[in-house]
2 protein chains.
Amino acid sequence: MKRPTIADVARHAGVSKGAVSYALNGQPGVSEATRQRILAIATEIGFSRSNAARALSAATAGAVGLALCRPARTLGIEPFFMALISGVEAELSARSYALTLQVVADPDAEIAVYRRWWGERRVDGVLVCDLRTDDLRIPALEQLQLPAVVIGGPGGTGDLSSLWSDDEAALTETVEYLVALGHRRIARVAGLPDLRHTEIRTDAFAALCQRLGLLDAVTVWSDYTGEEGGRATRRLLSSAHRPTAVIYDNDVMAIAGLSVAQEMGLTVPGDLSIVAWDDSPLCRLVHPPLTALGRDIPAYGAHAARQLLAIIAGEPASRVQDETPQLTPRGSTAPPRGR
Amino acid sequence: MKRPTIADVARHAGVSKGAVSYALNGQPGVSEATRQRILAIATEIGFSRSNAARALSAATAGAVGLALCRPARTLGIEPFFMALISGVEAELSARSYALTLQVVADPDAEIAVYRRWWGERRVDGVLVCDLRTDDLRIPALEQLQLPAVVIGGPGGTGDLSSLWSDDEAALTETVEYLVALGHRRIARVAGLPDLRHTEIRTDAFAALCQRLGLLDAVTVWSDYTGEEGGRATRRLLSSAHRPTAVIYDNDVMAIAGLSVAQEMGLTVPGDLSIVAWDDSPLCRLVHPPLTALGRDIPAYGAHAARQLLAIIAGEPASRVQDETPQLTPRGSTAPPRGR
DNA sequence: CTGAAAGCGCTTACAG
DNA sequence: CTGAAAGCGCTTACAG
């Protein structure tokens with residue numbers, strides 16, 4: 001099939017190519033009547049604007065980039081990313097932007113991808129995930145002046161726009177809930193230690209437990225995989241003063257922790273209460289269903305996308321706090337059985 | 001930052017823009033020495049080719065499209081898609097192709113996306129998932145003459161290329177294994193009934209069970225969600241002649257089934273054996289770990305991507321049978337407890 | 001093996 | 001409000 005071009009529309013409408021372009025872009029330069037006629041003809045002959053030509057002359061790619069920098073095995077299993085992507089994508093496609101996705105091995109490779117995207121004019125901006133402490137991607141993006149929204153923070157995002165949720169508040173709510181149930185020995189299985197939000201949660205947990213006088217509070221680090229989450233749980237439950245409640249930094253590790261508890265002959269929630277961060281359908285899949293900290297992740301992604309499109313449109317950088325995760329109590333938490 | 005263009009490289013190298021283009025594309029027209037010199041200069045001044053300009057003049061988008069047509073809630077939770085995407089992406093980025101992702105609501109919307117991508121010259125080809133019976137996307141893509149690889153089959157893919165795994169063989173291996181363990185009442189919780197691979201599995205299951213004289217063999221349909229998988233399991237386990245083994249069409253439903261069995265006071269594998277299709281880390285997360293039919297899904301995605309790139313490069317359509325899923329026995333299957 | 005030039009399909013100042 | 005024209009940064013026949 002031969003694709004119609006703007007010249008075909010112009011010929012059919014009896015106007016110049018320029019007029020068609022103005023009509024298509026909703027810009028002044030054509031009368032409303034002419035605009036409508038041009039648009040109708042464009043639809044009629046099945047015209048779509050060539051993205052390449054538009055990208056070249058208008059210096060806009062019509063696409064937004066997302067580089068995902070976790071090992072493939074972690075990526076696949078956490079529902080978080082797919083949920084985020086679906087939200088991002090919904091917002092982008094409503095505004096006729098495409099989403100370009102790339103999986104990278106490490107932050108250096110990710111920076112290389114940003115440079116290439118910038119050089120190739122592949123994307124008009126990027127969404128940055130998994131903010132780290134002293135994240136080298138931030139100065140790299142600042143230097144490229146590539147529009148970007150960092151999904152993470154607050155803090156550590158330089159002059160770039162950012163979007164985050166109040167993990168400190170969510171953690172506080174969770175710990176206070178567990179304390180109200182009667183727990184005094186609470187542990188936490190954290191995600192990768194150099195991620196900024198892990199750091200925020202760890203600091204908040206330490207400070208809060210000290211304030212509440214929970215001396216046995218301990219954080220152990222993991223990598224978000226079920227394997228590591230299970231191992232960490234096994235270690236925790238084997239210690240002399242084993243915790244009566246564990247907070248996990250993601251759903252997958254929490255489910256692995258539940259299995260380990262069952263395997264060690266402990267009942268949940270009788271012997272051990274479990275809370276999962278990042279509520280997902282997985283949490284309702286297991287028995288007992290997991291108490292979890294949830295938020296609307298597709299909406300989170302949609303907000304980030306909208307924020308990025310605003311910056312691409314020329315608005316100044318912004319820092320936005322999104323919805324705070326809410327605790328949904330389910331069957332995995334209860335008062336500790338008296339011992 | 002000002003982006004260097006091909007003209008800058010040409011000036012630095014003291015050659016014409018055409019020569020730089022030939023050097024970049026590895027085409028005859030420049031001597032090997034000149035090519036090396038041009039490439040070195042390009043790297044030195046940080047040149048990347050504008051994708052827009054290349055797309056416009058070479059009539060190639062440098063991108064491949066993937067439209068995902070499941071509701072967001074199913075998408076996020078099944079590890080399958082992320083694993084597939086990571087494999088696709090690895091293959092594409094190794095050949096400097098980008099992956100354009102779009103989430104769509106239904107097959108009609110998906111066809112509209114293909115038309116738009118074609119009209120905008122956004123992608124050079126597409127990967128088609130979730131092949132259905134009488135799939136309208138097939139004639140639409142044939143009409144557009146948009147290069148495509150259908151991940152699914154065999155059959156029902158018209159003149160398009162396709163890639164599939166032998167689900168009939170995998171199902172047969174599984175049923176024979178369960179029968180060897182002593183199971184006679186085997187049920188199957190299937191995915192969406194209008195998906196081609198569900199149909200293939202259902203037909204194979206019915207034929208095989210009849211051949212083996214398993215008269216209670218029953219297939220119930222579901223939608224891949226844990227919720228529906230759990231409901232189907234509850235129904236099966238409440239029937240007078242409840243099955244002693246259930247085969248699930250995905251990992252998520254199998255885990256939900258396990259929870260339901262536990263909730264109903266049945267032990268797995270003592271009272272009920274469970275097999276999950278699409279082995280994933282989730283299957284090893286639960287207790288007992290699930291016996292599962294697995295294959296290398298990133299490799300599957302990579303193969304599909306490679307096949308598509310070959311077609312884009314002008315090779316004829318091909319139909320390829322990929323690796324057959326392998327059964328990995330774990331703790332969720334055993335001989336049925338005598339009753 | 002190399003250079004000059006047309007052309008891909010748009011957008012956008014610039015005249016009218 | 002509209003038209004003619006330059007230009008975006010490449011690729012690719014076409015001459016030399």
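Residue numbering restarts at 1 for every chain, and letters A, B, ... go by the order of the sequence lines. As the structure is a prediction and not an experimental result, all values here were calculated from the model.
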If I take atom [atom1] in residue [X] and atom [atom2] in nucleotide [N], what distance separates them, rounded to the nearest angstrom?
X        : N      : atom1 : atom2 : value
B:Leu56  : D:dC8  : CG    : C1'   : 9 Å
A:Glu32  : D:dT2  : CD    : P     : 11 Å
B:Ile6   : C:dA5  : CD1   : C1'   : 15 Å
B:Asn51  : D:dC10 : CG    : C1'   : 11 Å
B:Arg121 : D:dC10 : CZ    : C1'   : 16 Å
A:Asp8   : C:dG9  : CG    : P     : 9 Å
A:Arg54  : C:dT11 : CZ    : P     : 6 Å
B:Arg3   : D:dG9  : CZ    : P     : 9 Å

Among the candidates [options], find the nucleotide nearest to the side-chain atoms of [X].
X       : options                : answer
B:Ala53 : C:dC10, D:dC10, C:dC14 : D:dC10
B:Ala58 : D:dC10, D:dT2, D:dT11  : D:dT11
A:Ala19 : D:dC10, D:dT12, D:dG3  : D:dG3
A:Thr5  : D:dC10, C:dG9, C:dG3   : C:dG9
A:Ser31 : D:dT2, C:dG9, C:dG3    : D:dT2
A:Tyr22 : C:dG9, D:dT12, D:dG3   : D:dG3
B:Ser57 : C:dT2, D:dG3, C:dC8    : C:dC8

Exercise for the section: May I ask you to say what B:Val20 touches in the nucleic acid, namely base, sugar-phosphate or nothing, with a heavy-atom cut-off under 4.0 Å? Expected result: nothing

Practice task
With heavy atoms under 4.0 Å as the rule, sort A:Ser50 into base, sugar-phosphate or nothing.
Solution key: sugar-phosphate

Fill in the blank from the handout: Assert: residue with more 5' nearest nucleotide on DNA chain C, out of B:Gly14 and A:Ala52, is B:Gly14

So, is [X] close to the [N] phosphate, meaning a side-chain N or O under 4.0 Å from OP1 or OP2?
X       : N      : answer
B:Thr34 : C:dT2  : yes
B:Arg35 : C:dC1  : no
B:Arg49 : D:dT11 : yes

Practice task
Check whether NZ of the Lys or CZ of the Arg B:Arg137 lies under 6.0 Å from the centre of the six-membered ring of B:Tyr114 and within 45 degrees of that ring's axis.
Solution key: no

Exercise for the section: Both distances under 3.5 Å, Watson-Crick or G-U wobble: report the partner of D:dT2, or none. Expected result: C:dA15

Can you tell me how far [atom2] of [Y] sits from [atom1] of [X], rounded to the nearest 0.5 angstrom?
X        : Y        : atom1 : atom2 : value
B:Ile38  : B:Thr43  : CD1   : OG1   : 11.5 Å
B:Leu309 : B:Asp124 : CG    : CG    : 9.0 Å
B:Phe47  : A:Glu120 : CZ    : CD    : 9.5 Å

Exercise for the section: Using a cut-off of 6.0 Å, state whether more than 12 heavy atoms not belonging to B:Asp106 lie near its atom CG. Expected result: yes

Handout entry: Given A:Leu163, A:Leu131, A:Asp135, the one that forms side chain to side chain contact (heavy atoms under 4.5 Å, CB included) with A:Val150
Key = A:Leu131

